[in-house]
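Take a look at the structure set out below.
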Amino acid sequence: MEKAYEPQDVEARRYAEWEAGGYFHAEPAPGKPKYSIAIPPPNVTGTLHMGHALNHAVQDALGRWHRMQGDTVLILPGMDHAGIATQTVVSRQLEKEGLTRFDLGREKFVERVWAWKEEYGSRILVQLKRLGCSYDWQRLRFTMDPEYVEAVLEAFVRFFDAGLIYRGKRMVNWSVGLQTVISDIEVENIETDGSLWHINYPFADGSGFVTVATTRPETLMGDTAVAVNPADPRYSDQIGKMLRLPLTDREIPLIADDYASMEFGTGAVKITPAHDPNDYEVGLRHNLEQISVIGFDGKMTAEAGVRYAGWDRFEARDLIVGDLEAAGVLEKIERYKHSIPHCDRSKTVIEPLLSEQWFMKQAGTELVAKSTAIVSDGGIDFAPSRYAKTYVDWMDGIRDWALSRQLWWGHRIPIYYKSDGSYVAARNWDEAVQRAGTDELTQDEDVLDTWFSSALWPFATLGWPHQTADLAYFYPTDFLTTAGEILRLWVARMVMTGLEFTGEKPFSDVYIHATVLDKKGRRMQKSIGNGIDPVEMIDKYGADALRFSLLRLASKGQDIKFSEERIPESRNFGNKLWNAARFVLLNLEEPNPGVTADPGATAPDSPGGKDEEATLTPPSLLGKGAGGLGSSLPERWIQSRLQRTITAVNSALASYDMDDACAALYDFQWNEYCDWFVELSKPALQGEDGPAKESARRVLLSVLDTTLRLLHPIMPFVTEEIWSNLPGKTGSICVAPYPVADESLLDPAAEAGMTLVIGSITALRGLRAEFTPGGPEHEAARAAILARRFRVIVVPEGEQAVDTLRALLPSLVSLARLGEVTLANAAPTDAKYVSVGVAGASYYVPASELLEGIDPAKESVRLVGEIAKLDKELAAVSGRLNNPGFVSKAAPEAVEKARQDVADLTERRGKLEARRGLL
RNA sequence: GGGCGGUUGGCUCAGUGGUAGAGCACUUCCUUCACACGGAAGGGGUCGGGGGUUCGAAUCCCUCACCGCCCA
C-alpha cells in the first residue's frame with residue numbers, strides 16, 4: 001500500500017468493478033424490503049454543480065446505507081429534456097451558423113436538438129459516476145423517451161377529460177427574450193432602481209387634472225381608466241368623471257377600486273388592462289377595454305399610434321416621456337426602487353401580455369385539496385419540517401398553471417383542432433380522428449411546460465401508465481431530495497399527479513437540502529464566477545473527500561458556505577483511515593511465533609499470504625470475557641466506543657442528519673481508534689506476549705472492518721479499496737452487512753477506566769511539555785529532557801484505579817515515555833517532586849528528572865496557576881450549592897453531582913496546596 | 001409589505017435549561033519503524049444588544065439591531 005491514499009488511481013477502477021458486478025441494478029423482489037429513489041433528473045444541458053454534488057451525495061449515501069442493510073435498492077437516474085434551456089442552447093448554436101430555428105423548420109430543428117442531445121447530453125451522467133453514485137444505469141430514463149412521452153400524453157388527456165385543462169385568453173408572463181410564455185414560478189423579481197413618473201391627466205371638462213404615478217409610462221397608450229381608492233377623500237367627489245388621456249383625444253373614466261393604494265404616489269394609478277396583471281383584474285371588475293400596445297416582439301403595436309408603433313418598448317418609454325414633457329403634463333420624476341419581473345432563464349424583463357394559452361385548473365380543485373391534506377396530515381414528511389408549512393401555504397394560494405409554451409422542443413400539446421375551431425384531446429392521431437369524427441385536423445403548435453412531464457417522474461419512470469412489476473414493487477418511492485427553490489415547481493406537482501394517477505403519494509419523505517453558497521455567503525452563479533466545479537475538486541482531492549466535506553456541513557437544511565479550503569480536511573481524514581489500515585495490515589503480515597495453537601487454525605505463517613485470515617477469529621467471537629481475546633481494557637473500551645458510534649451513525653442517517661453521522665465517524669476513527677487504540681496496541685504488538693499480540697491484531701482488524709462498513713455510504717471509494725484488501729474479504733463492501741450495535745459489548749467500566757488512562761497520559765505529557773524549554777538557545781536542555789524517561793510515583797485512588805493502572809502500566813510507560821514507575825499508597829512527603837493530578841490518580845515526578853535544579857519559586861508559580869484553575873471551578877459549583885433555591889428546587893441528581901464535584905475538586909486542591917507547602 | 005432562517009473563539013460550524021465544543025488557523029515542541037494529508041502540548045469566546053421567566057439561560061419568552069433566503 002502506498003504511504004498516502006491516491007484517489008485518482010483507485011476511483012475509476014473501483015467504479016468500473018461496481019458496475020461490472022451489477023451491485024447497482026435492482027429487480028423487483030416481492031416480499032423483500034425495498035428502498036427506492038427517483039433522482040431529480042438534471043437538465044440534459046446541465047453540468048454538475050455543487051448543489052447537485054450535495055444532493056447526490058445525500059441520495060447515494062442513503063441508498064448505499066439501505067443496500068448494505070439488505071434492502072433491494074433502486075436509485076433511478078435520468079435526465080430532463082428541459083424545453084427552454086435546451087432549445088436555447090441549440091438556437092445559439094444555430095445563431096453561430098447565421099441561422100434561426102425558423103430557417104430549419106420545426107421538424108429539422110427538433111432533429112437538430114436530438115443530435116445535440118446525443119452528442120453532449122450525457123456529460124452530467126459521467127460526472128455523477130465520478131462522484132460515486134450507485135445508480136441503476138440500466139434504467140436510465142429521459143423525459144422524451146417514447147415510453148415517457150406516452151405517459152405525458154396519457155396524463156394530459158386524463159386531466160383534459162376530467163375538465164381540468166382549459167384554453168383561455170389570459171394575462172401571461174411573456175418572455176420577450178425566449179419568445180414564449182413562462183409560468184409564474186419561472187419569473188424572478190429583481191429589485192431595481194427605477195423611476196416613478198408623475199403625469200397629469202386633465203379632466204375632459206377642463207376642471208383641473210389628476211396626477212397619476214406610474215413606473216411604466218410606455219403603456220400609457222393602453223390606459224383605459226384611472227383608479228383611486230374608494231375611501232380616498234381627495235378624489236371622492238370626482239369618481240365617475242372622464243379624463244383625457246394625454247397625447248391622445250381618448251377619454252377614460254376615473255374609477256374607484258380597492259386596488260389603488262392611497263399611500264402609493266398620488267393615490268391615483270393608471271389602469272392598463274392589457275399590460276399589467278393587477279390592472280387586468282381591475283379591468284375585468286370594471287368592464288374596461290383591453291388595448292394591447294406592446295406586441296410579442298417587445299415592440300409597440302399599431303394600437304399605440306403611428307408615432308410609437310414599431311419602437312422597442314424601452315425606446316418608446318423615452319419617446320413618450322419626452323412627448324409628455326413637451327406637452328407640459330409631466331409633473332415630476334421621482335427615484336423609485338421596485339421589483340421588476342424578469343425571466344429567470346433569459347434574464348430579460350417580462351412583459352405581461354394577453355394571450356391564448358392552455359391552463360390547468362388548480363385553485364379549489366379536489367386534487368389540490370388532497371395534495372395539501374396529505375402534507376398537513378403528515379402523510380409526507382419534510383426535513384426540515386418547516387418546509388411542510390411552506391408547501392401548504394403555497395398550495396393555499398395556488399393559481400392556475402399555464403401549461404403551454406411557444407417552443408418546439410418538448411411534448412407537443414395533444415390537442416387537435418377541427419376546421420371550425422373546436423378541438424379534442426387525444427393520445428394519438430387515431431384517437432384524435434375517432435374523437436373528432438374527422439381526419440381534417442391540425443395539432444396545436446405549442447409544447448407543454450417542462451414541469452408537466454417532470455411532475456410524473458416518480459411513476460412514469462417505472463412504466464406508468466402500464467401496471468408494471470417495477471411500479472408495483474418500487475412505487476411509492478421512499479425518499480426525495482431537492483433544493484428548496486423547486487418545492488413548488490416540482491415537488492408539489494409530483495404530489496398532485498401521483499395522487500391523481502396512482503392513488504398514492506409519490507414519496508414518503510422529502511429532504512430539502514442546503515443551498516451551497518460561496519465563502520462570502522453568495523449563491524454560486526456563473527455570472528459572478530464564484531462557483532466551484534465539483535469535478536475539478538474530485539480530480540484534485542477525490543470524490544470521497546468532496547462527499548465527506550459536503551455531508552459534514554449538511555446540517556438541518558442550513559445553507560452551506562463552502563470553499564475549497566474545506567476539502568483537504570476531509571481528504572486528510574481519508575488518508576488517516578488509509579494509514580491506520582496500513583498499520584493494521586502490516587502487523588498482520590508479521591508472523592506471531594507466540595501463538596500457534598488456535599483451534600482449527602492453520603499456521604499463521606503458512607504460504608499464500610491470505611491464508612492468515614484463517615487464524616483470525618471472527619468478530620463475533622471477540623468479547624469482553626475475562627482473559628479471552630479482546631479482553632484487555634483498551635480492547636473492551638474500543639469495542640464499547642464502536643457500538644456507541646454504530647448507534648449514533650445509524651440514528652443520524654435515519655433522521656437525515658448527515659453532519660452528525662460524519663462527526664461521529666470522524667471522532668471515533670481519528671480521536672479514539674487512531675489516537676488511542678492504535679497507540680495502546682503497540683506495546684502488545686511489539687511485545688513477546690503471544691496471546692496478547694494476537695488479541696490486539698484481531699481487535700484492530702475487527703474494529704477497522706466495522707468502521708469501514710460504517711463509513712462506506714459516505715466515503716465509498718477509500719473504504720472499498722481498504723476493505724477489499726482485508727484478509728478473507730470477497731465481493732464488494734457495497735453489499736457487506738451494515739453494522740448494527742451489539743449492546744453486549746457496551747462496557748461502561750472500561751470506558752471509565754480508559755478515561756483515567758487517557759487523562760493520566762495527557763497529564764504526564766503535559767508535565768513534560770511544560771518543562772521543555774523552547775527556542776534555539778535551549779536546544780541542548782530540550783534534547784535532554786525529551787530524551788529522558790521519567791521515574792514516577794503513582795498514587796491511585798480506590799481499588800478500581802489500582803487495577804486499571806496496574807493493568808495499563810506498560811501503556812502508560814510507553815505513551816507518556818516513563819522510566820521506573822512505582823505504585824504507592826500515599827504521596828511522598830518531601831519537596832523534591834513535581835505533581836500532576838487527574839480524577840482517580842496523582843503522579844509525582846522527582847524534580848531532578850525534569851530539569852537539573854527546579855526553581856522552587858517557578859514551581860510554586862505553576863502550582864498557584866493550577867490551584868487558581870480549580871478555585872474557579874470550585875467557586876462556580878459551590879456557588880450553586882450555596883444557593884438555597886438550587887438545593888431545594890433542582891433535580892436531586894444535579895445536586896448530588898455538584899456535591900461530588902465539590903468534594904473531588906477540594907481534594908485535588910488540597911493536594912496541590914500540600915505540594916506547595918513543601919516547597 | 002408578509003413569511004422563514006441566521007447572528008457562539010481569527011474562519012467555518014455543532015451545541016434546545018445544569019461548570020462553553022469541534023475542524024481549520026495560531027503558538028511551542030517532535031522528521032519516534034501507519035500517517036508531516038502526521039504526532040504532542042498550549043493560547044483564544046461575558047454565545048449580536050436590551051429586558052423577562054427560572055434556583056440556574058448560548059438554550060425558553062418579549063424586544064431591538066444587523067445579515068440572508070422565499071413570497072407579494
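Just so it is clear, the values below take in all heavy atoms, side chains as well, and ignore hydrogens, waters and symmetry mates. Note on naming: letters A, B, ... go to the chains in the order of the sequence lines (proteins, then strands), and numbering restarts at 1 for each one.
Per the geometry, CG belonging to A:N278 stands 10 Å off C1' belonging to B:rA72, to the nearest Å. Counting to the nearest Å, the P atom of B:rA41 and the CG atom of A:N671 are 12 Å from each other. A straight line from CZ of A:R765 to P of B:rC30 spans 16 Å, rounded to a whole angstrom. Between A:D675 atom CG and B:rA22 atom C1' the separation is 14 Å, expressed in whole Å. Rounded to a whole Å, the CD1 atom of A:I340 is 16 Å from the C1' atom of B:rA72. Atom C1' of nucleotide B:rC11 and atom NZ of A:K561 are separated by 10 Å, given to the nearest angstrom. Atom CZ of A:R899 is separated from atom P of B:rG18 by 20 Å (rounded to the nearest Å). A straight line from CG of A:L588 to C1' of B:rA34 spans 13 Å, rounded to a whole angstrom.
Looking at A:R571, its side chain comes within 3.5 Å of the base of B:rC37 through a donor and an acceptor atom. One can find a donor-acceptor pair under 3.5 Å joining the base of B:rA34 and the side-chain atoms of A:E679. For B:rC35, its base sits under 3.5 Å from the side chain of A:K576 at one donor and acceptor pair at least.
Heavy-atom nearest nucleotides on RNA chain B were determined for A:L517 and for A:I560, and the one closer to the 5' end corresponds to A:I560. Checking A:T772 against A:F583, the closest nucleotide of RNA chain B that is more toward the 5' end is the one next to A:T772.
A cation-pi arrangement is found for A:R493 relative to A:W401, the charged atom lying closer than 6.0 Å to the ring centre and inside a 45° cone about the ring normal.
Below 30°, between 30° and 60°, or above 60°: for A:F573 and A:W670 the angle between ring planes is below 30°, a parallel geometry.
With a cut-off of 3.5 Å on both pairing distances, the Watson-Crick and G-U wobble pairs of RNA chain B assemble into stems of 3 or more at B:1-7 with B:65-71, B:10-13 with B:21-24, B:26-30 with B:38-42, B:48-52 with B:60-64.
Taking atom C1' on both B:rA72 and B:rU12, the two are 34 Å apart, rounded to the nearest angstrom.
Here A:Q686 lies out of heavy-atom contact (under 4.0 Å) with every strand. Among the heavy atoms of the strands lying under 4.0 Å from A:R782 are primed sugar atoms or P, OP1, OP2 only; no base atom is included. When heavy atoms are screened at a 4.0 angstrom cut-off, A:Y666 is found touching the sugar-phosphate backbone but no base atom. The residue A:K889 sits close to a base: some heavy atom pair falls under 4.0 Å. A:V887 comes within 4.0 angstrom of nothing in the nucleic acid, heavy atoms only. A:T390 comes within contact range of no nucleotide atom at all, as no heavy-atom separation falls under 4.0 Å.
Under the rule for a salt bridge (Lys or Arg N to Asp or Glu O under 4.0 Å), A:D276 has no partner lying at least two apart in sequence or in another chain. Residues satisfying the salt bridge (Lys or Arg N to Asp or Glu O under 4.0 Å) criterion with A:E569, sequence neighbours excluded, are A:R552, A:R566.
Between A:E635 and A:V699, the closest heavy-atom pair is CG-CG2, 3.9 Å.
Of the listed nucleotides (B:rA34, B:rG23, B:rA36), B:rA36 has the atom at the smallest distance from the side chain of A:K3. Closest to the A:C674 side chain, of the nucleotides B:rA34, B:rG18, B:rC4, is B:rA34.
To the nearest 0.5 angstrom, A:Y673 atom OH is 11.5 Å from A:E679 atom CD.
OP1 or OP2 of B:rA34 lies within a sub-4.0 Å distance of a side-chain N or O belonging to A:K682. The phosphate of B:rG39 has OP1 or OP2 within less than 4.0 Å of a side-chain N or O from A:W670. Phosphate contact (OP1/OP2 of B:rG38, side-chain N/O of A:N572, threshold under 4.0 Å): present.
By the 4.5 Å heavy-atom criterion applied to side chains, A:P534 and A:M537 are not counted as neighbours.
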| For A:L700 and A:F677, what are the C-alpha separation, side-chain angles and deciding distance, and is it a side-chain contact (heavy atoms from CB on, under 4.5 Å)? | CA-CA 8 Å; A:L700 277 168; A:F677 187 66; 3.5 Å; yes
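A salt bridge between A:R644 and A:E672 is absent, with no side-chain N of the basic residue lying under 4.0 Å from a carboxylate O of the acidic one.
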